[in-house]
Trainee: 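Sharing a structure, written as structure tokens. Questions coming.
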Amino acid sequence: PVVAARDAYVLPGLIDPHVHFRTPGLTHKEDWGHGSRAAVAGGVTTVMDMPNTRPASFTAKALIDKAALIEGRSLVDFAFHIGVDPEHPEALADLDTGTARSAKIFMAGHHTAPAVLSDPAALDTAFAAAARSGVRVVLHAEDGGLFDLLDAWWGEPGGYRDYEARRPRTGGIAAVAKVIELVRRHGTAAHVLHLSSAEEADLVCAAQAAGLPVTFELTGHHLSFTDADTCRVGARTRLAPAIRGVRDQDRLWRAVFGEQAATLGSDHAPHTVAEKTRSVADSPPGLPGVQELATAVWTGMRRRAPEEDADAAIGRLVRLMASGPADLFGLPGKGRITPGADADLVLFAPDDTWMFSAAQVRSKCGWSAYEGWTMTGRVRRTFRRGEQVFDAATGAYGAPDGAWLR
Ligand code: NCD
Ligand code: ZN
Ligand code: ZN
């Protein structure tokens, strides 16, 4: 990081490798105009979009069609995760890695997951095929059967905390163990998304120590909320995998401070206010976060280690949110401030203290679980390929000109 003014850093544009911008088919929840404005307001200049759209993006053609819909509408550069079609897991062997940066497998079903790939034989085929084409798989690792079983308990006495605490722990641990076993068998590069429990973190770290090519992502949500918030806030913080308790959150923060996590992602997954004000059981899991991610993580980092040197802390944020994801997914010109790289830059004031309110939400969904949070650190300006795309002082946005990173 470069010190730009007495009170601000110039950072490389941040990369959010896990967003759901809902195009095509779900644009009542989010679209690229809103989603990318939220991104640049949060210092993010590159996003990687997920395939659980309608229709789901299972083919190179679907990604080309999606890019055509985005063209002229995005303030940020973008890349895609392609969905793995459960009917044709073998198709991964022929995947053109210039079209999709990685392949997404949903091992468990919920409202917004497309088709689920939980059958052991199909998973085995997918991992073998991905190893052949050299594509990285990224996984929603929860156990499908258990997920469904426990979903039925949602409204039962015993309450939200009990439900949230139990569901993901066992389902997630079983699924992460399964992923590690498949990586061991086939040598496939695998990245576990939105890791949520202490046990899962320990498992993946042990697999890494054994030399397996498996990495994991942490979300701002799992670092920012605990089951106590979930009880209080209700459906707004319902996501999959569920938010867990303080012990888990402490373990995830250890994986931030120790840089065991390869990436931080927002899992920006907007749903409408109407959907999220239904009963907890009937509301779809997911919440917005691309705008909040960097500041929420910075706020947590400073609160948990107030004595830490700010330069050291900001270096870690940049590795987890810029150079780390650029290296993992091979994003050319991104993640670093070096000669020849794209001039994606963020002016970030690390000590600004401010209140995040509903009026500042840029996502089309119009709400945030972080409303009322006192944030530390603020994005002042954001530049994409040398052009200013956001100025916090005036609230002005630049021209949408995002490019598909192939
Ligand atoms: C995501 C969504 O709504 O698309 N929801 C979620 O709870 N995380 C899907 C996903 O990432 O699994
Ligand atoms: Zn997921
Ligand atoms: Zn997601």
Side-chain angles (χ1 to χ4, degrees), residues 16-31 35 47-57 66 80-84 102-118 137-144 147-148 150-151 154 163-164 167-168 171-172 175-176 179 190-197 200 216-225 230 233-244 263-276 278 280-290 292-293 325 363-365 367-369:
D16 187 343
H18 188 160
V19 304
H20 302 264
F21 277 0
R22 306 300 195 203
T23 294
L26 298 167
T27 49
H28 56 292
K29 298 174 191 271
E30 184 63 293
D31 59 37
V47 300
M48 297 179 67
D49 192 51
M50 286 294 171
N52 58 328
T53 48
R54 297 225 178 104
S57 315
K66 177 151 97 169
F80 299 127
H81 304 281
I82 198 167
V84 179
S102 83
K104 169 78 179 277
I105 295 176
F106 285 90
M107 291 170 73
H110 55 79
H111 287 71
T112 39
V116 171
L117 205 152
S118 55
V137 292
V138 299
L139 298 114
H140 184 123
E142 288 194 275
D143 185 280
F147 199 108
D148 295 341
L150 288 165
D151 237 5
W154 184 264
Y163 174 86
E164 287 289 24
R167 174 181 70 173
V176 167
V179 168
H191 186 55
V192 180
L193 301 167
H194 44 41
L195 195 110
S196 65
S197 75
E200 292 161 26
F216 65 90
E217 169 197 77
L218 297 175
T219 73
H221 306 324
H222 292 99
L223 294 166
S224 299
F225 301 104
T230 312
V233 182
R236 283 191 170 201
T237 50
R238 184 191 181 198
L239 77 149
I243 303 258
R244 306 170 198 283
T263 63
L264 298 180
S266 69
D267 193 6
H268 180 81
H271 298 286
T272 63
V273 170
E275 287 167 322
K276 293 296 267 189
R278 290 187 207 142
V280 174
D282 291 331
S283 69
L287 56 149
V290 68
E292 300 91 330
L293 173 64
S363 168
K364 187 171 183 180
C365 72
W367 63 273
S368 168

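Quick caveat, the model's predicted, so the values are computed rather than measured. All values below were derived from every heavy atom in this structure, side-chain atoms included, with hydrogens, water molecules and symmetry-related copies excluded. Each ligand, and each atom within it, is numbered from 1 in the order the structure gives.
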Trainee: If you round to the nearest 0.5 Å, how far is CD1 of Ile82 from CE of Met50?
Mentor: 13.0 Å
Trainee: Would you kindly specify which portion of Arg238 sits under 4.0 Å from ligand 1, judged on non-hydrogen atoms: side chain, backbone, both or neither?
Mentor: neither
Trainee: Using a distance threshold of 2.8 Å, state whether an N, O or S atom of His20 lies below it from the Zn ion (ligand 3).
Mentor: yes
Trainee: For ligand 1, does Asn52 get within less than 4.0 Å through its side chain, its backbone, both, or neither, judged by non-hydrogen atoms?
Mentor: side chain
Trainee: Please identify which atoms of ligand 1 are closer than 4.0 Å to at least one heavy atom of His140.
Mentor: 10 (C), 12 (O)
Trainee: With Glu30, which of His271, His268, His20 fulfils side chain to side chain donor-acceptor pair (under 3.5 Å)?
Mentor: His268
Trainee: If I apply the N/O under 3.5 Å rule, does His20 come out as touching ligand 1?
Mentor: yes
Trainee: Under 3.5 Å, is there a donor-acceptor pair between the side chain of Lys276 and the main chain of Arg238?
Mentor: yes
Trainee: Would a 4.5 Å heavy-atom cut-off, applied to side chains only, mark His194 and Glu217 as touching?
Mentor: yes
Trainee: Heavy atom under 4.0 Å from ligand 1: found in Met50's side chain, backbone, both, or neither?
Mentor: neither
Trainee: Taking 4.0 Å as the limit for heavy-atom contacts, which would you say applies to Glu275 with ligand 1: side chain only, backbone only, both, or neither?
Mentor: neither
Trainee: Short check: any N/O/S atom of His18 below 2.8 Å from the Zn ion (ligand 3)?
Mentor: yes
Trainee: Looking at non-hydrogen atoms alone, which of Leu239, Asp267, Thr53 comes nearest to atom 8 (N) of ligand 1?
Mentor: Asp267
Trainee: Judged by non-hydrogen atoms, does His271 sit under 4.0 Å from ligand 1?
Mentor: yes
Trainee: Which value, rounded to the nearest 0.5 Å, describes the distance between Leu193 atom CG and Leu139 atom CG?
Mentor: 7.0 Å
Trainee: Ignoring hydrogens and geometry, is there a side-chain-to-backbone donor-acceptor pair from Ser224 to Gly220 under 3.5 Å?
Mentor: yes
Trainee: Would you say Thr263 and His18 are linked by a side-chain donor-acceptor pair, where the criterion is simply a distance under 3.5 Å?
Mentor: no
Trainee: Please determine, by modelled atom types, if Arg244 and Ser197 share a side-chain donor-acceptor pair under 3.5 angstrom.
Mentor: no
Trainee: Evaluate Pro285 for polar contact with ligand 1, using N/O atom pairs at a separation under 3.5 Å.
Mentor: yes
Trainee: As an exercise, identify every atom of ligand 1 less than 4.0 angstrom from a heavy atom of His18.
Mentor: 11 (O)
Trainee: Going from CD1 on Ile105 to NE2 on His81, what distance comes out if it is rounded to the nearest 0.5 angstrom?
Mentor: 13.0 Å
Trainee: Which atom, counting only N, O or S, brings His140 closest to the Zn ion (ligand 2)?
Mentor: ND1
Trainee: Does some non-hydrogen atom of His268 fall short of 4.0 Å from ligand 1?
Mentor: no
Trainee: Do ligand 1 and Phe106 have nitrogen or oxygen atoms that lie under 3.5 Å from each other?
Mentor: no
Trainee: Can you name the N, O or S atom of Asp267 that is closest to the Zn ion (ligand 3)?
Mentor: OD1
Trainee: Test Glu275 against Lys29 for side chain to side chain contact (heavy atoms under 4.5 Å, CB included), laying out the working first.
Mentor: CA-CA 10 Å; Glu275 287 167 322; Lys29 298 174 191 271; 2.8 Å; yes
